[in-house]
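Have a look at the structure below, then the notes.
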Amino acid sequence: MLTTDQRLLIIDDDEMFCHVLSRAFTRRGFEVMTAHDADQALAVAAQFQPTMATLDLKLENSSGLKLLPDMLAAVPHCRIVVLTGYSSIATAVEAMKLGAANYLCKPADADDIIGAFEHQEGDPNIELADNPPSINRITWEHIQKVLQEHDGNISATARALGMHRRTLQRKLQKRPVKR
């Protein structure tokens, strides 16, 4: 259950998404601040001292995964939910290892995010998918894993995957493949 001290920091480079989410949470009684990049997020977090934060995985000039430990160092009591339109198993695992409270795929609304903050423990009764992921999805997941291993370096990732750098860039610009 959420507490009465509900200070939320929304960190996302999409200003319209921040505005819409901010309004939805304000209507629900939250005190809300927004930040659009890593430096702004750390500055706002230090002053605002949020109890909760949403963090976009793919910020314009940096990675939410790189910002996550810095956020937790600046505001250790803050619970952070990572949001992304580019979900992969590799980034979900890394986000949780780095201290995220939860990980959600976009589109996510305020109710989804509140549910993620409230859901503190794993559910052993969760339903398992009947169908395995497609080969395209497995490829996407593998590219994300290798990219993560090379700290986001496109050239090093392309070399590791044995593909041309421009081909990899085109693949990365596309939305993730559905299961």
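Everything numeric here is computed off the predicted structure, so don't read it as measured data.
Here the shortest heavy-atom pairing between Leu161 and Leu168 reads CD1-CD1, 4.1 Å. Across all non-hydrogen atoms, the minimal contact from Pro50 to His77 is O-NE2, 3.3 Å. Across all non-hydrogen atoms, the minimal contact from Ala41 to Leu9 is O-CD2, 3.8 Å. Smallest separation of non-hydrogen atoms from Leu72 and Cys78: CD2-O, 3.4 Å. Closest heavy-atom contact between Ser22 and Val32: OG-CG1, 3.4 Å. Taking each heavy atom of Arg165 and Ala158 in turn, the nearest pair found is CA-CB, 3.7 Å.
If you take CD on Gln169 and OG1 on Thr157, they are separated by 10.5 Å, rounding to the nearest 0.5 Å. Rounded to the nearest 0.5 angstrom, Met33 CE and Gln40 CD are separated by 8.5 Å. Here the CG-NZ distance, from Asp151 to Lys66, works out to 5.5 Å after rounding to the nearest 0.5 Å. Atom NE2 of His36 sits about 5.0 Å away from atom SG of Cys18, to the nearest 0.5 Å. A distance of 12.0 Å separates CG in Leu57 from CG in Leu104, rounded to the nearest 0.5 Å.
In this structure, Ser63 and Lys58 have side chains that are not in contact, with every pair of non-hydrogen atoms separated by 4.5 Å or more. Contact of the Ile80 side chain with the Met71 side chain is registered, since non-hydrogen atoms from C-beta on lie closer than 4.5 Å. Side-chain contact between Arg79 and Thr51 is absent, with no heavy atoms from C-beta onward closer than 4.5 Å. Counting heavy atoms from C-beta on, the side chains of Leu8 and Thr54 come closer than 4.5 Å. Proximity of Phe48 to Arg7: side-chain heavy atoms (C-beta onward) are separated by under 4.5 Å at one or more points. No side-chain heavy atom of Thr26 sits under 4.5 Å from any side-chain heavy atom of Arg23. Residues Asn61 and Leu59 have side chains not in contact (no heavy-atom distance under 4.5 Å, counting atoms from C-beta outward).
Leu55 and Leu65 fall within a single hydrophobic cluster, where Ile, Leu, Val, Met, Phe, Trp and Tyr are joined by side-chain heavy atoms under 4.5 Å apart, directly or via other members. In the hydrophobic clustering of this structure, Val81 does not group with Met96; members are Ile, Leu, Val, Met, Phe, Trp, Tyr whose side-chain heavy atoms approach within less than 4.5 Å, directly or through other members. Val44 and Phe30 fall into different hydrophobic clusters, where Ile, Leu, Val, Met, Phe, Trp and Tyr side chains are chained together by heavy-atom contacts under 4.5 Å. Tracing side-chain contacts under 4.5 Å through hydrophobic residues (I, L, V, M, F, W, Y), one never reaches Leu83 starting from Val75; they form parts of separate clusters. Under the 4.5 Å side-chain heavy-atom criterion for ILVMFWY residues, a single connected hydrophobic cluster contains both Leu172 and Met163.
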**Study point:** Residues Glu60, Asp37; criterion side-chain contact (heavy atoms from CB on, under 4.5 Å); working and verdict
**Key:** CA-CA 7 Å; Glu60 188 160 333; Asp37 61 45; over 6 Å; no

Review point. Stepwise, does the side-chain contact (heavy atoms from CB on, under 4.5 Å) test hold for Gln6 with Phe25?
Key: CA-CA 10 Å; Gln6 298 178 4; Phe25 275 100; over 6 Å; no

Exercise for review: Please report the C-alpha distance between Leu21 and Ile113 in whole Å, then the side-chain angles of each, then the deciding distance to 0.1 Å, and finally whether the side-chain contact (heavy atoms from CB on, under 4.5 Å) criterion is met.
Suggested key: CA-CA 10 Å; Leu21 204 55; Ile113 295 167; 3.7 Å; yes

Exercise for review: Take Ile11 and Asp56 through the test side-chain contact (heavy atoms from CB on, under 4.5 Å) and record every step on the way to the result.
Suggested key: CA-CA 6 Å; Ile11 306 164; Asp56 188 19; 6.0 Å; no

Exercise for review: Decide yes or no on salt bridge (Lys or Arg N to Asp or Glu O under 4.0 Å) for Asp12 and Lys106, but give the supporting numbers first.
Suggested key: CA-CA 12 Å; Asp12 200 302; Lys106 289 180 181 177; 2.7 Å; yes

**Study point:** side chain to side chain donor-acceptor pair (under 3.5 Å) between Thr91 and Tyr103, worked out
**Key:** CA-CA 9 Å; Thr91 56; Tyr103 182 97; 2.6 Å; yes

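Looking only at distances, no side-chain donor or acceptor of Asp70 sits under 3.5 Å from a matching main-chain atom of Leu67. When atom types are taken as modelled, the side chain of Glu94 and the backbone of Ala90 share no donor-acceptor pair closer than 3.5 angstrom. Without hydrogens or angle criteria, His150 side chain to Val146 main chain gives a donor-acceptor distance under 3.5 Å.
A salt bridge links Asp111 to Arg28: at least one charged side-chain nitrogen sits closer than 4.0 Å to a carboxylate oxygen.
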